[in-house]
Every structure is written in C-alpha cells, then in structure tokens.
There are 4 protein chains.
Amino acid sequence: MSSAAPGSSSASGGRRFRTPDASRRSERSRRAILDASMELVGEVGYNRLTIEAVAARAGVGKQTIYRWWPSKAAVLLEAFTTVVTDDEYEAGIPDTGDLEADLKQVLRATVDEFTDAAFEAPYRALAVAGAADAELSEQFLERLMAPGMEVYSRRLRSAQEAGQIAEDVDIGLAVEMLLGPFQQRWLQRTGNLTHEFTDALVDLALRGLAPR
Amino acid sequence: MSSAAPGSSSASGGRRFRTPDASRRSERSRRAILDASMELVGEVGYNRLTIEAVAARAGVGKQTIYRWWPSKAAVLLEAFTTVVTDDEYEAGIPDTGDLEADLKQVLRATVDEFTDAAFEAPYRALAVAGAADAELSEQFLERLMAPGMEVYSRRLRSAQEAGQIAEDVDIGLAVEMLLGPFQQRWLQRTGNLTHEFTDALVDLALRGLAPR
Amino acid sequence: MSSAAPGSSSASGGRRFRTPDASRRSERSRRAILDASMELVGEVGYNRLTIEAVAARAGVGKQTIYRWWPSKAAVLLEAFTTVVTDDEYEAGIPDTGDLEADLKQVLRATVDEFTDAAFEAPYRALAVAGAADAELSEQFLERLMAPGMEVYSRRLRSAQEAGQIAEDVDIGLAVEMLLGPFQQRWLQRTGNLTHEFTDALVDLALRGLAPR
Amino acid sequence: MSSAAPGSSSASGGRRFRTPDASRRSERSRRAILDASMELVGEVGYNRLTIEAVAARAGVGKQTIYRWWPSKAAVLLEAFTTVVTDDEYEAGIPDTGDLEADLKQVLRATVDEFTDAAFEAPYRALAVAGAADAELSEQFLERLMAPGMEVYSRRLRSAQEAGQIAEDVDIGLAVEMLLGPFQQRWLQRTGNLTHEFTDALVDLALRGLAPR
DNA sequence: CGGTAAACGAGACGGTACGTCCGGTCTTTGC
DNA sequence: GCAAAGACCGGACGTACCGTCTCGTTTACCG
C-alpha cells in the first residue's frame with residue numbers, strides 16, 4: 001500500500017515544500033468539504049464563496065482545505081466532477097442511425113441541464129474561473145469539457161463512417177460548430193438557450209456536413 | 001445623451017442617494033483612472049486588479065472612482081470602449097463580392113487582435129466578468145460584443161441578398177456558427193487560435209450556408 | 001496646528017514604511033480600544049488577551065489597532081498609563097518629618113494597590129511583558145516604574161538633607177533596597193505582600209541608612 | 001486502577017486522564033527534547049519557542065512531549081534543572097569568617113552567571129513564565145529560586161550565630177534585602193548588574209544587619 | 001471679484017477574508 | 001503499548017482591500 005514514500009515525495013517529486021501524506025487523509029473531511037462547497041456555491045455564487053465559509057460549513061479547519069487544494073476553484077472542480085459521474089459520458093449519444101434526431105435529442109437534454117440551476121451554478125463558476133486562469137482552465141477542460149465534447153466526436157465519427165457526413169470533414173471542427181454557438185449563448189449570454197435554438201443549430205450545421 | 005445639465009439624472013430619479021454633478025467632473029481624473037486601470041489589468045490581471053491600486057496609480061482618491069463607477073468592471077469597460085473606437089466597427093467587413101475571402105480575411109485579423117496581449121488582457125477580463133455577472137454581461141454585450149457581431153451580420157445579409165447564401169438561412173444563427181467556435185476556443189482555451197482554424201471554419205460554415 | 005507634515009513624516013523621519021496621519025486619528029476609537037484592552041486583560045489575563053478580542057469588544061477594525069500600536073503590550077501600556085494619572089506620582093510621599101512613619105504608610109498603600117486585582121492584572125501583564133522583551137521593558141520602566149521609584153528618591157533625599165540618613169548613602173541604592181524586596185515578593189511570588197512585611201522591611205532598611 | 005507502580009507520579013494521584021507508563025519511557029527521547037528546548041530557547045527566546053519546533057529539532061512526535069509534560073514551561077524547567085546540578089547549591093557559600101568578603105564574592109559570581117547568555121536565556125524564560133502563571137511559579141520557586149535563597153540563609157544564620165548579625169534580625173528578610181534589589185535590576189532591567197553594584201549592596205545591607 | 005458649494009486628494013475607519021502558524025487532540029503504523 | 005509521524009479542528013495572527021466616511025484643498029460658478 002504505502003509503497004510510494006509518503007512525505008519524502010522522492011518518487012513523484014514534491015511540488016511544494018512538504019507534501020502531505022495522502023494515505024492518511026481523512027475521507028470524512030474530504031467529503032464534508034466537497035459537499036459544503038457545492039452547497040455554498042449554489043447559495044451565494046462563486047465570487048462570494050469563501051474558503052472560510054466552506055471550512056465552517058464542513059466543520060473543518062481551514063488548513064485541511066489548504067493542505068489538499070491550491071484554490072477554491074480546485075475544490076469546486078473536484079466537488080463537481082465527483083457529482084457528474086463518468087457514467088454520463090460513457091453512455092454517450094444514442095446511435096439510432098438518424099443523426100439529426102440523435103443530435104437534437106442530446107442537445108435538448110444538454111439545454112435542460114444547463115438551464116438547471118443546481119448544475120449551472122458550479123459549472124459556470126468553473127467555466128468562469130477557467131476563462132480567467134489558464135492553469136485552472138487546463139484542468140477544467142480535461143476533466144469536464146473534453147469528455148463532453150468527445151461524446152459528440154464519437155457520434156459524428158460513427159456517422160461519417162456510415163457515409164452520412166462527408167469524408168473530408170474534420171470531426172473536431174464539426175463538434176466545435178455544434179457546441180461553440182451553444183457555449184457562447186450560455187456563457188456569454190448572447191441569446192436564450194432553447195430547444196428551438198439547438199434544433200436550428202443542428203439543421204444548419206448538418207447542411208455543411210452532409211456529403212455533396 | 002448625457003448632454004443635459006448638472007445632476008440631470010437626479011430629476012428623473014437618481015440611482016443612488018445623491019447624484020454627483022457631472023458638469024463639474026474632472027476630465028483629468030477620469031482619464032487618469034481609465035489609463036491606470038488599463039495599465040494595471042495588463043500587469044496583474046483582472047482578479048488582482050484593485051480599486052486601491054488604480055486610485056494610487058492614477059493619483060486619485062478612491063472616492064473619485066466610487067463616485068462615478070459602480071464597480072471595477074465598469075471602470076474597465078469604459079476604459080476599454082474608449083480605446084476600441086467605434087470606427088473599427090463602422091468600417092465593417094470589406095465587401096469584394098467574394099464572401100469566403102472577405103470572411104477569412106476579417107477572421108484572420110480578428111485572430112491577430114485576440115492574440116495581442118494588449119487587447120486580450122482587458123477584453124478577457126471583461127468577458128470573464130460578464131460571464132460571472134449577468135448584469136454586467138448586458139453592458140459588455142451591448143457595448144462590445146453585439147457591435148462586433150453586427151458587422152458579420154451585415155456582410156452575411158449582403159451575401160444573402162446577392163444569392164450567395166440560401167434564402168432560408170437565419171443570418172443571426174449563421175453568425176453564431178462563425179463566431180461561437182472562435183469564442184469558445186479563445187475564451188475557454190479549447191484550442192489554438194490560428195489562421196488555419198478560422199480558414200477551415202469559414203470553409204465548413206459556408207458549405208452549410210450555400211444555396212442548394 | 002497641523003504644522004508637522006502628516007504622512008510625509010519628513011521632519012521626524014518615518015519609523016515604518018508609511019506613517020499614519022495622527023491628526024486624523026479617531027479619539028473615539030482610541031479610547032474604545034484602551035478601555036476594551038483594560039477590561040479584557042482583567043477578564044482573561046495577558047496571555048489569552050488577543051488583538052481580535054480587543055477589536056471586537058471595542059467595535060473597531062483590527063487594522064485600526066495595528067495602525068497605531070506595534071503590539072498588544074504597547075496597547076496595554078498606553079491603556080494603563082492613561083488610567084494611572086500622573087497626579088499620583090506628583091503628589092509624592094508625605095513628608096511629616098517622621099521618615100519611618102511616612103515610608104511605612106506609603107508602602108502599606110502600595111501593598112494595597114498591588115493586591116487590588118483591577119490594578120494588578122494589567123500591571124503584572126506589563127511587568128511580565130517587559131521582563132521578556134528588552135525593548136518593551138524600556139518603555140515600561142520609563143513610564144511606570146521610574147516615576148514610582150523617583151517618588152521614593154525624593155523623600156529619601158529630603159531625609160538625607162535633614163540628617164536622618166547618613167550622608168554617604170547612595171539614595172538610588174537605598175530605594176532599591178526598599179523596593180527590590182517588595183517587587184521580588186510580588187512579581188516572583190517569593191512571599192506574601194502584607195503590611196507586616198513592608199513595616200519590617202522599612203525597619204531593617206532604615207537601620208542601614210541611619211547616620212552612625 | 002492506575003494505582004500501581006507504572007508512572008511514579010501516578011502514585012500520588014494522576015493529574016491527567018491516563019498516566020503513561022514511565023518505565024517504558026524512552027530516555028533517548030527525553031534527553032533529545034530537553035536538549036532541543038534548551039538550544040531553542042537560546043536561539044529564539046521563550047515567546048517564540050514552540051512545541052512544534054522542539055519536537056522537530058528533537059526528532060520526536062509532538063505527542064511524546066504532551067504525554068510527559070503539561071506545558072512548554074515545564075519542559076524548560078526540567079531541562080534547566082538537569083543542567084544546573086544540585087552540587088552548586090550544596091556547595092553553599094564559603095564561610096571564611098569574613099561575612100562581607102564572602103557575600104561580595106558570591107554575589108560577584110552570581111552577577112557573572114546572570115550575565116552569561118547561556119544561563120540567562122532559559123532562566124529568564126522561566127522567571128517570566130513563573131511571573132505570568134502562579135501555578136508554574138510554585139515549581140520555579142521550589143526548584144530553582146528557593147534553593148538559591150537558602151544558600152544565603154545558611155551563611156547569614158551562621159554569621160548571626162557568630163554574633164556578626166544582630167540577634168533580632170529576621171534572616172529571611174535579610175536575604176530578601178540582598179537578593180531583591182539584585183533580582184529587580186536583572187529581571188526588570190532597572191539597572192546594570194555589575195560587581196560594583198553588588199559590592200555596594202552588601203555594604204549597605206550589612207550596615208543594617210550589624211549588632212548595635 | 002469675492003463667497004460658496006461641490007468635486008477632489010488623501011487616507012482613517014469598520015469590516016471580511018485571506019493564507020499561515022501553532023496549540024492540543026486523534027489516528028495510523030512500526031517496533 | 002510507547003513512540004514517530006503527522007493529519008486534524010480550532011482559533012489568532014498580521015495583511016490586503018473593500019466600500020464608506022471625514023478631512024482640508026482646489027475649482028468653478030454665481031451673485
């Protein structure tokens with residue numbers, strides 16, 4: 001178990017001055033912190049979310065937070081990713097053979113998700129924090145954004161193989177054409193997120209993807 | 001608009017308790033504050049930009065800032081909009097008749113702009129602040145984002161009239177298909193902002209817009 | 001009035017990085033802080049006296065304390081010295097001509113004072129802090145201890161002039177012989193502070209001081 | 001329950017909830033802790049001496065300190081008393097028959113001791129801690145102060161028996177007249193500790209002690 | 001042209017949260 | 001079952017800014 005030298009951090013190289021010993025970590029505190037941060041971000045928003053409040057709500061010393069996370073964004077990212085189970089992404093997009101219908105359905109579901117306050121508050125908080133901070137952005141992308149986009153990639157690739165999408169189309173770019181407008185409307189509030197919008201978006205995007 | 005007399009807005013209902021008299025405002029201080037905030041946002045970023053530092057750099061009392069702006073974001077928004085002259089937007093996109101070439105050229109220029117640190121720092125700061133705060137978002141959209149999108153709308157409308165874009169295409173949606181992916185890459189760092197990217201984006205988008 | 005340049009501290013030379021402007025100081029806050037610190041030192045003792053508690057009790061921001069005092073000991077010293085008015089020292093020791101009676105009377109009064117909890121708590125706190133810290137000690141001595149000792153010096157000098165004390169006696173040393181044992185009993189708790197003790201002390205000391 | 005042998009002090013009533021078994025105690029750790037505390041008190045002083053630093057320097061867990069000592073003062077007291085061997089006190093003051101010379105000599109030696117930093121730092125630390133805390137004071141007195149004073153008592157008693165000191169003199173008080181001024185100068189820094197001072201002190205004190 | 005009212009620079013103020021430090025307790029893992 | 005190691009809760013530290021609130025000092029209009 002404790003094969004990796006704890007504390008000495010010789011193997012992986014201590015990032016900071018002294019690395020805490022993860023094998024001794026209190027799972028109880030970890031959960032309390034993550035839960036408290038999710039609750040609080042919903043109650044007061046990200047900007048007014050404070051480490052002190054999280055610690056107090058979680059019944060935890062501040063140091064226990066600082067020991068394991070570098071910032072409140074990091075706490076929230078972990079809190080959120082443990083809620084958004086990977087199952088969601090692994091399920092993927094249904095493949096009924098009808099690309100248009102499948103995409104519309106999933107995007108409608110995504111609209112509903114992004115309209116749900118319980119999901120939106122922490123997700124927006126993380127998106128904002130990532131937009132502001134390049135380092136954090138990397139983790140946000142890797143853990144939340146990329147898996148979400150990958151789901152679309154798979155479905156589009158499948159459609160391309162089925163000849164429903166022109167062979168010369170860059171699937172990555174196609175995904176961006178679907179999700180970019182969606183994200184922009186949501187994050188920058190350039191328009192309302194509705195089923196009509198995503199339906200029209202799918203229609204217009206698929207026009208460009210169809211084989212000629 | 002605010003041409004009217006001292007404390008004009010007081011008559012029609014002052015926002016706060018006492019509206020300051022705009023006619024007595026020190027233009028010298030106003031400029032110093034705007035300049036200082038632009039300098040500082042470039043030096044330390046938005047999150048570490050403080051009103052105190054702006055006041056100190058500008059050689060101004062803090063109250064002079066609080067008197068005229070409700071938040072640091074508002075200061076920065078004004079600072080930025082006075083730099084990005086409206087000329088830029090009024091010029092619009094060249095209309096050589098070659099839609100593809102025109103769009104590629106302008107998007108390449110936009111890429112260059114968003115890659116320039118002097119432009120990027122404050123613009124990102126505002127985009128982030130807008131993403132976090134709905135109220136601010138409104139102003140950011142109205143003053144910076146919308147004019148930028150409108151430029152594309154005009155060019156696409158012109159193309160539609162020229163029969164280069166199918167009649168049933170929603171121009172607003174078309175603009176989102178062009179700029180959404182761009183904004184997503186930039187704001188959320190989902191990919192590099194390059195000329196190749198925008199070229200490919202134009203190609204793929206135009207496929208869907210062309211009359212069938 | 002405000003002849004001394006505030007803030008710039010050019011004249012007296014700024015001790016720290018930026019000297020606050022004393023002319024703008026809030027007397028209200030100052031008094032509240034001094035009062036609160038006196039109250040609290042009586043309630044919880046010096047070691048458990050915290051700046052936070054003083055600030056809270058005084059209804060004052062912590063920074064207002066840190067702005068004007070370098071340490072909690074400094075606060076307490078000022079609090080105490082403004083309570084122990086200088087009148088006390090200026091009155092001096094009565095001079096009835098009967099040296100023994102005069103000394104006994106004053107030392108008895110001093111015993112009573114040092115036995116009174118309201119006086120003892122802060123005074124001991126300061127004596128302890130001074131014993132631990134040479135820099136603070138200097139101020140403690142100068143402001144509290146020395147004036148107290150000077151009072152005895154004056155009375156003894158008067159007695160020496162009256163021929164009741166041998167001419168070759170060093171008055172300073174004589175004062176130390178009277179107060180040293182007193183202070184030791186009190187500060188180090190080597191014995192009880194009683195009237196009998198001080199009476200006996202005066203008797204024995206005067207034996208050595210009398211002209212031969 | 002823990003009435004039996006283990007934990008010698010447990011016999012007379014375990015102070016805490018569970019008395020550890022002293023027979024299993026690591027002498028190695030004990031010494032390391034005492035040494036480290038002596039070193040550190042010399043380096044940083046008593047106020048900035050922390051249990052954590054002692055534990056770290058001694059290569060010992062914090063709990064090992066808390067298990068055996070109730071406070072950092074107690075650690076230091078033990079550390080100091082094991083250094084200041086009892087021999088010193090048992091030797092006592094030489095009795096050449098010349099009281100004045102004997103006292104002067106010993107007080108000069110004491111001055112030298114209290115002027116030596118290696119001795120002064122921990123001793124002052126303990127004196128200060130004792131002055132602040134009555135409970136600790138008791139132990140400090142009993143173990144360090146009282147033996148030191150007793151030495152003087154013996155010599156003065158011997159002189160009294162030899163008729164060099166008046167019969168009606170309270171020897172305890174006489175000792176206080178010698179050491180009180182000394183302690184005051186040292187602990188409260190009311191003056192310099194020099195040989196001249198102690199010589200003069202002895203001269204003046206003996207005047208009062210001599211038979212009439 | 002002198003009086004006056006408001007904007008101004010300066011910065012002290014009551015607060016909140018920061019990130020760190022350490023006290024004293026609890027838990028895990030050898031020995 | 002003591003000891004080492006150190007994570008844990010708690011709480012104070014001293015600092016940084018917040019947004020508000022006086023202070024005199026310009027500044028510009030008005031009578």
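Protein chains get the first letters and strands the later ones, always in sequence-line order, with residue 1 at the start of each.
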May I ask you to evaluate whether C:Thr64 reaches the phosphate of E:dG14, defined as a side-chain N or O under 4.0 Å from OP1 or OP2?
yes
So, B:Arg124 side chain and A:Ala132 main chain: donor-acceptor pair closer than 3.5 Å or not?
no
How close or far is atom P of E:dG14 from atom OH of C:Tyr66, stated in whole angstroms?
15 Å
Rounded to whole Å, how long is the line connecting atom CH2 of A:Trp69 with atom C1' of F:dA7?
13 Å
DNA chain E: B:Arg67 or A:Leu49, which has the more 5' nearest nucleotide?
B:Arg67
Within a radius of less than 6.0 Å around CD of D:Glu43, do more than 12 heavy atoms belonging to other residues, nucleotides or ligands occur?
yes
Mapping D:Gly61 and A:Gln63 onto DNA chain F by nearest heavy atom, which one lands closer to the 5' end?
D:Gly61
Which of the following nucleotides, E:dA7, E:dA12, F:dA4, is nearest to the side chain of D:Val60?
F:dA4
Separation of atom CZ in C:Arg28 from atom C1' in F:dT22, rounded to whole Å
14 Å
Under 3.5 Å, side chain of D:Lys72 to main-chain N/O of D:Thr50, donor-acceptor pair present?
no
For F:dC9, take OP1 and OP2 only and decide whether either is under 4.0 Å from a side-chain N or O of A:Ser29.
yes
Please state whether the base of F:dG10 and the side chain of A:Lys62 form at least one donor-acceptor pair under 3.5 Å?
no
From CG of C:Asp21 over to P of F:dG24, roughly how many Å is that when rounded to an integer?
9 Å
Atom pair OH/CG of A:Tyr46 and A:Leu40 - distance to nearest 0.5 Å
13.5 Å
Taking only side-chain nitrogens and oxygens of B:Trp68, does any of them come within less than 4.0 Å of OP1 or OP2 of E:dA7?
no
Whole angstrom is fine here: how far is it from CZ in B:Arg30 over to P in E:dG9?
14 Å
Scoring nucleotides 26-31 of chain F by protein non-hydrogen atoms under 4.0 Å (B base, S sugar-phosphate only, - none) yields -BB---
Short N-O contact, C:Glu78 and C:Arg30, less than 4.0 angstrom:
yes
Quickly work out the A:Arg25 CZ to F:dA5 P distance and round it to whole Å.
23 Å
How many Å lie between CD1 on A:Ile51 and P on E:dG19, as a whole number?
6 Å
Less than 4.0 angstrom between a side-chain N/O of D:Ser26 and OP1 or OP2 of F:dC2, yes or no?
no
Grab the CD1-C1' distance between B:Ile65 and E:dA7 for me, whole Å please.
14 Å
5'-most contact on DNA chain E (nearest-nucleotide basis), B:Glu52 vs A:Thr50, goes to B:Glu52
Roughly how far apart are A:Trp68 CH2 and A:Ile33 CD1, rounded to 0.5 Å?
10.5 Å
May I ask you to decide whether B:Arg57 forms a salt bridge with B:Glu52, counting only side-chain N to carboxylate O separations under 4.0 Å?
no
